[in-house]
Amino acid sequence: MSQSLLKAEHIKISFGNVHALRDVSLEILPGEIHCLAGENGCGKSTIIKIISGVYQRDGGTIEFNGQKIDKISPIDAINLGIQVIYQDFALFPNLTVAENLALNTELASRKKTVSWKNVRKIAEEAVSKINFQVDLDEKVEKLTVAQKQMVAISRALMSNAKLIIMDEPTTALTKKEVSALFKIILKLKEQGIAILFISHKLDEVFEISDRFTIFRDGELVATGSTKELDDKKFTYYMTGREFSDNIFVPKNVSDKPVFELKHLTLNGSFSDINLSLRRGEILGITGLLDSGRTELGLSMFGLKPADSGQIIKDGKEIKLTSPREAIANSIGYVPEDRLSEGLFLTQSIGDNIIISEIDKLKKKNGQFDLKKRDEEIEKWVKELEIKTKNPNNPATTLSGGNQQRIVLAKWLACNLDVLILNGPTVGVDIGSKHDIHMVLQRLANQGLGVIIISDDLPEVIQNCSRVLVIKNGKIKSEYDTQNVSEQMIIDDMISTGHARALLAIDDPELQYTLANKIFDEKLSVRETEKLVKEIKNPKKPKEKKPVANSFIYQDLEEKMKSVFGTKVSIASKGKGKGKIEIEYYSDDELEHLFDMMMSIKRGE
């Protein structure tokens, strides 16, 4: 094993009586992608803050690049080559991309005026390191999450980073954006930069990391090569529990449907949708991103009223033109983005739970019944096992899985007949995901009708008794989950245009691989056609033109390599002009280089 870049051993830290880390160790090798995994609250964020100088450890030792570190500040960590990219990216939203990238350099120069020409030059050099195409004059607040992340990575590379720590970098990214991020990470690895990748997503750990370390409850549980890890081991190390893969079989299904759609149509989104849901059943709805599945969920809750068709509840037609009407008919909806659409983050856990039934918690004289409020909050915290010491704490203090349980509690307090969930476990860890599934199955067995809208096919197959596949706004197929595979569903999702593009490839194994890529990355037909074209007609490497005055350039290149010992590239621009690129250099080296070039030019 090569010499460690980072070696943290026997690290301990406590906050009051809470032991955040107990004798944990973490070793990262130069140029490796190392995944640090664990459930929320296991100590991942704490170790990051110790390494980056935000927290000072109570015990243990840290070495970085062969240097023992006793006590460091965040600035010291940056100067050593440690960069952290947090989930919020720590960017200034009201500044442009160029301003965000050049800010530190301009401040360090201590100049009284700003050279905007220099700001642009710094920004262009920063984004070029990862070949990131972006409008440098665009304000950061207008960028997508994926673009903000690329800005943060570009900024990290400006400080000659040796270790980049990425804290849950894929939380708010689409699968396509995750794929693009992984390509950047692999390029950084090729440059010798180590990546500490914080995640609790099993598929990401296997796809991107060389080695792994798993924490649980502030302790080191396992570390090693990712090749030695499998799904069951990873889940056990993360949670300390073993989960079965059994498919849900409803125990108490009503004879008559509780909820039906007949020929429901929303122009431009979906058409002629027919479905029925019985009490005690979990119905799955899946499809590609633009298939119409999300819009269907919104229509069933009155957020996007349908243009035609019927919605029937307990045998009677109802009109859903607003969420208020849906709630009046005992229909609830859990959105995919719980942070912006499902919770009042700054309000207390308790207030978030009772907000949907607040009118029911009044006394006869109209006053708010505080005793009844507290009883209701206590009931749902216990029922859904929401992990909090004080329900008066704000919702922001909880992990993603516990936040999702608050959203569930809010709706269950309304005594629903139908609960619609869009992406019920997006962004939650393995243990919380399993627990939420168990809650939904228990609720179904108690007589609730549940609809899960998700593109997580294992989730749909394992938890639903039936699944509807939507393609191009119409129901393509319906399956009993006891008799369906993921590949059967993927085949139904892919459009005719996708299929036509795939048929241009003769290799069946490659067709299968690309079909899964279309689903995972949500590729459009045009993107699929472009990908197939690139596979069939790979680009030939460009032949380098002979360099003018080659004997001079060759002599210069040899001398430069002997002096600097770094990567040197010399190319011709034509008409005797040359371009010299050198990977690392200082001002002194540039001056020496200039003198050397002049000597060669004079023939010395």
Side-chain angles (χ1 to χ4, degrees), residues 78 83-109 111-161 164-191 193 195 197 208 289-290 336-337 339-340 517 520-531 533-534 539 542 569 571 573 579 581 583:
I78 291 171
Q83 286 281 344
V84 183
I85 301 175
Y86 292 103
Q87 290 185 46
D88 61 0
F89 308 127
L91 299 172
F92 294 95
N94 58 324
L95 298 184
T96 66
V97 173
E99 289 166 345
N100 268 278
L101 290 172
L103 182 63
N104 289 340
T105 304
E106 288 294 300
L107 287 174
S109 70
K111 294 178 182 177
K112 293 183 178 180
T113 58
V114 175
S115 169
W116 293 108
K117 184 177 180 181
N118 192 47
V119 165
R120 190 163 192 88
K121 182 182 177 183
I122 292 169
E124 286 174 348
E125 289 176 356
V127 297
S128 68
K129 290 185 178 181
I130 57 172
N131 196 26
F132 174 40
Q133 304 297 321
V134 67
D135 181 359
L136 296 176
D137 297 319
E138 185 71 89
K139 286 191 174 181
V140 165
E141 63 189 359
K142 295 183 179 179
L143 301 182
T144 65
V145 173
Q147 288 174 320
K148 290 176 184 176
Q149 194 166 64
M150 293 300 109
V151 173
I153 293 173
S154 298
R155 184 183 58 189
L157 294 175
M158 292 172 64
S159 303
N160 293 323
I164 297 179
I165 301 172
M166 296 184 175
D167 186 12
E168 302 280 3
T170 64
T171 297
L173 301 185
T174 64
K175 290 186 178 180
K176 186 176 178 181
E177 290 168 339
V178 169
S179 180
L181 172 64
F182 283 0
K183 289 177 183 177
I184 296 294
I185 290 175
L186 291 172
K187 285 182 181 178
L188 297 177
K189 177 183 177 180
E190 289 174 3
Q191 297 172 27
I193 298 171
I195 306 292
F197 187 88
I208 196 68
L289 192 61
D290 297 324
E336 184 173 22
D337 187 352
L339 297 182
S340 62
K517 186 178 180 69
D520 287 339
E521 299 184 18
K522 308 294 185 294
L523 298 181
S524 66
V525 173
R526 183 171 294 181
E527 288 170 326
T528 304
E529 290 172 343
K530 182 181 177 182
L531 182 61
K533 187 176 180 181
E534 289 173 354
K539 290 182 179 179
K542 293 182 179 179
S569 173
K573 288 187 174 180
K579 178 185 178 184
E581 293 182 354
E583 198 166 86

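Computed from a predicted structure; not experimentally measured.
Between E529 and K533 there is no salt bridge, since no side-chain N of the basic residue sits under 4.0 Å from a carboxylate O of the acidic one.
To the nearest 0.5 Å, atoms CG (D137) and CD (E99) are separated by 8.5 Å. With values rounded to the nearest 0.5 angstrom, L157 atom CG is found 13.0 Å from E125 atom CD. One finds the CD atom of E124 at 10.5 Å from the CD1 atom of I122 (value rounded to the nearest 0.5 Å). Taking CD from E168 and CD1 from I85, the interatomic distance works out to 14.0 Å, rounded to the nearest 0.5 Å. Taken from OG1 in T105 to NZ in K121, the straight-line distance is 12.0 Å, to the nearest 0.5 Å.
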request  = Determine, stepwise, if the pair V84 / M166 fulfils side chain to side chain contact (heavy atoms under 4.5 Å, CB included).
outcome  = CA-CA 6 Å; V84 183; M166 296 184 175; over 6 Å; no

key: side chain to side chain contact (heavy atoms under 4.5 Å, CB included) assessment of E141 paired with L91   = CA-CA 9 Å; E141 63 189 359; L91 299 172; over 6 Å; no

key: Stepwise side chain to side chain contact (heavy atoms under 4.5 Å, CB included) check, V140 with T96   = CA-CA 6 Å; V140 165; T96 66; over 6 Å; no

Side-chain donor-acceptor pairs under 3.5 Å in residues 146-153, sequence neighbours left out?
{"from": "Q147", "atom 1": "OE1", "to": "T144", "atom 2": "N", "distance (Å)": "3.0"}
{"from": "Q147", "atom 1": "OE1", "to": "T144", "atom 2": "OG1", "distance (Å)": "3.4"}
{"from": "Q149", "atom 1": "NE2", "to": "P169", "atom 2": "O", "distance (Å)": "2.6"}

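Every residue two or more places apart in sequence or in another chain that forms a side chain to side chain contact (heavy atoms under 4.5 Å, CB included) with S115 is listed here: K117, N118. Residues passing the side chain to side chain contact (heavy atoms under 4.5 Å, CB included) test with K189, sequence neighbours excluded: I33, D210. With sequence neighbours excluded, the residues satisfying ring pair (Phe, Tyr, Trp, His ring centres under 6.0 Å) with F182 are F197. Every side chain to side chain contact (heavy atoms under 4.5 Å, CB included) that V134 has, sequence neighbours left out, goes to V97, V127, F132, L136, L143. With sequence neighbours excluded, no residue forms a side-chain hydrogen bond (donor to acceptor under 3.5 Å, both in side chains) with S154.
Listed here is the closest heavy atom pair of Q191 and K129: NE2-O, 3.9 Å. In terms of heavy atoms, Q83 sits closest to A156 at CG-O, 3.6 Å. Taking all atoms of both residues into account, the shortest heavy-atom contact from A90 to R155 is O-NH1, 3.0 Å. Nearest heavy atom pair, residue L101 against residue A126, reads CD1-CB, 4.2 Å.
A donor-acceptor contact shorter than 3.5 Å is absent between the side chain of E138 and the backbone of D135. Of the possible donor and acceptor atoms, one in the side chain of N100 sits under 3.5 Å from a partner among the backbone N and O of F92.
Using a 4.5 Å heavy-atom cutoff, the side chains of L188 and I130 are in contact.
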